[in-house]
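Below is one structure, written out as structure tokens; the observations come after it.
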Amino acid sequence: MKKLIKGLREFKSSYFPANEQLFEQLSHGQKPRVLFITCSDSRIDPNLITQAGLGELFVIRNAGNIIPPYGATNGGEGATIEYAIQALDIQQIIICGHSHCGAMKGLMKLDSLRIEMPLVHDWLKYAEATRRLVKDNYSGYEGEDLLEIIIAENVLTQIENLRTYPVIRSKLHQGQISIYAWIYQIETGEVLAYDSQKHAYVLPLNQLSSSEIDERLSSLPLTHNGEKPFAKTQQQAFQSFHKPHISTDTGFPMTVLSPEQMERIYRGSTTK
């Protein structure tokens, strides 16, 4: 608590005065561009990993980045989604899972939670579709490999749950909203994004067009030798777009899956 109170003092005496104009603008209302749904895990900070500023992200956090299907509960998730789309006119949604997710570890041994953590047990039931699909189709996997599959599958399951909300369904039908599946890897700092065309998790940069790549590079400042910083690595990432669907090159899963297995994992998980 002492550390937090010290932080409050530093915020008020240093950060706030340096950004007073921004806070003045934010006091008149918010206009976030993205609804960011992720886990409550303390190792994840949406603003940090995306380098988004104050007021840019509207965030939902809970154990396992889970969205109960519409009508299953009258909890905060549904109300927050409805407010984000209707009141704030947000048109982009990201559901972000992460490596080493404790909730997904719990999902792998759901029955054992019934006595010690009954509320967690009941909450994870909203990811039952994930548990059942993995149990029925990936019995040959175990340990970290199985956990990675569950994490990836759960993000896609929650997108399907999200699409059951009338406000989301309507906006998707009108082409007025986009939904993205991300996985954040704590140990590397890498974020992988699901590509429904490739049936794979790829670097988010790979989902940009070449013109968007050029636009991003042109906005970077020149270094002392007249080159764009990071330009070479970004271009190499874009050129790696045609790598195999799932392999250790893309970072997830670590085990190469057969086409049949990939089809079972990623079936029907498009954003529209």
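With rounding to the nearest 0.5 Å, the separation of CG in N65 from CZ in F36 is 9.5 Å. From I37, atom CD1 reaches atom CD1 of I60 across 4.5 Å, with rounding to the nearest 0.5 Å. In this structure, NE2 in H121 is found 6.0 Å from CG in D111, a value given to the nearest 0.5 Å. Note that the CD1 atom of I95 and the OH atom of Y180 stand 13.0 Å from one another [nearest 0.5 Å]. Distance check, rounded to the nearest 0.5 Å: CD of E144 to NE2 of H100 gives 6.0 Å. Put simply, OH on Y126 and CG on N161 are 10.5 Å apart, with the number rounded to the nearest 0.5 Å.
Surrounding CZ of R43 are more than 12 heavy atoms belonging to other residues, nucleotides or ligands, all under 6.0 Å away.
Pairing each heavy atom of A127 with each of I66, the nearest pair is CB-CD1, 4.1 Å. Taking each heavy atom of G106 and L113 in turn, the nearest pair found is O-CD1, 3.7 Å. Across C39 and G64, no two heavy atoms sit closer than the pair SG-N, 3.4 Å. Scanning both residues, F23 and L54, for their nearest heavy atoms gives CZ-CD1, 3.4 Å. Between I151 and C101, the closest heavy-atom pair is CD1-N, 4.0 Å. Between I115 and P118 the shortest heavy-atom distance is O-CD, 3.6 Å.
Applying the salt bridge (charged side-chain N to carboxylate O under 4.0 Å, His left out) rule to pairs touching residues 1-12 yields nothing, sequence neighbours excluded. For residues 20-31, the pairs satisfying side-chain hydrogen bond (donor to acceptor under 3.5 Å, both in side chains) are E24-H28, with sequence neighbours left out.
In this structure the side chain of Y138 reaches within 4.5 angstrom of the side chain of L133, judged on heavy atoms. Within the 4.5 Å cutoff, side-chain heavy atoms of Y165 are placed close to those of I67. Looking at L8 and L4, their side chains never come closer than 4.5 Å, going by heavy atoms from C-beta outward. Between P69 and T164, the closest side-chain pair of non-hydrogen atoms falls below 4.5 Å. By the 4.5 Å heavy-atom criterion applied to side chains, W182 and T50 are counted as neighbours. Counting heavy atoms from C-beta on, the side chains of I186 and Y184 come closer than 4.5 Å.
Aromatic ring pairs are classed by plane angle as parallel below 30°, tilted from 30° to 60° and perpendicular above 60°; the pair Y15 and F11 is parallel.
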Please list, one pair per line, the donor and acceptor atoms closer than 3.5 Å that link side chains of residues 76-94 to other protein atoms, with sequence neighbours excluded.
residue : atom : partner : partner atom : Å
E77     : OE2  : N62     : ND2          : 3.1
T80     : OG1  : G76     : O            : 2.7

Would you tabulate the side-chain donor-acceptor contacts of residues 166-175 under 3.5 Å, counting partners in other chains and residues two or more places apart, or write 'none'?
residue : atom : partner : partner atom : Å
S170    : OG   : Q174    : NE2          : 2.9
K171    : NZ   : Q176    : OE1          : 3.4
Q174    : OE1  : Q176    : NE2          : 3.2
Q174    : NE2  : S170    : O            : 3.2

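Panel note: side chain Y194, backbone L156; no donor-acceptor pair is recorded below 3.5 Å. N154 places no side-chain N or O within donor-acceptor distance of the main-chain N or O of I150, the cut-off being under 3.5 Å. Looking only at distances, no side-chain donor or acceptor of R163 sits under 3.5 Å from a matching main-chain atom of Q158. A donor-acceptor distance shorter than 3.5 angstrom exists from the side chain of T38 to the backbone of C96, with no hydrogens or angles considered. Using a distance-only test at 3.5 Å, with no hydrogens or angles considered, a donor-acceptor pair links the side chain of D45 to the main chain of L48. The backbone N or O of A200 sits nowhere less than 3.5 Å from a side-chain atom of D195 that would complete a donor-acceptor pair. The main-chain N or O of E56 is never found under 3.5 Å from a side-chain atom of R33 such that the two would form a donor-acceptor pair.
Each of E187, Q185, E190 was compared with S99 under the side-chain hydrogen bond (donor to acceptor under 3.5 Å, both in side chains) criterion, and only E187 meets it.
Looking at residues two or more places apart in sequence or on another chain, you find no ring pair (Phe, Tyr, Trp, His ring centres under 6.0 Å) involving F58. Applying the side-chain contact (heavy atoms from CB on, under 4.5 Å) rule to A129 yields the partners T157; only residues at least two apart in sequence or on another chain are considered.
Note: the hydrophobic cluster containing M117 also contains M108 (ILVMFWY, side chain heavy atoms under 4.5 Å, direct or indirect links).
Between E128 and K125 there is no salt bridge, since no side-chain nitrogen of the basic residue lies less than 4.0 Å from a carboxylate oxygen of the acidic one.
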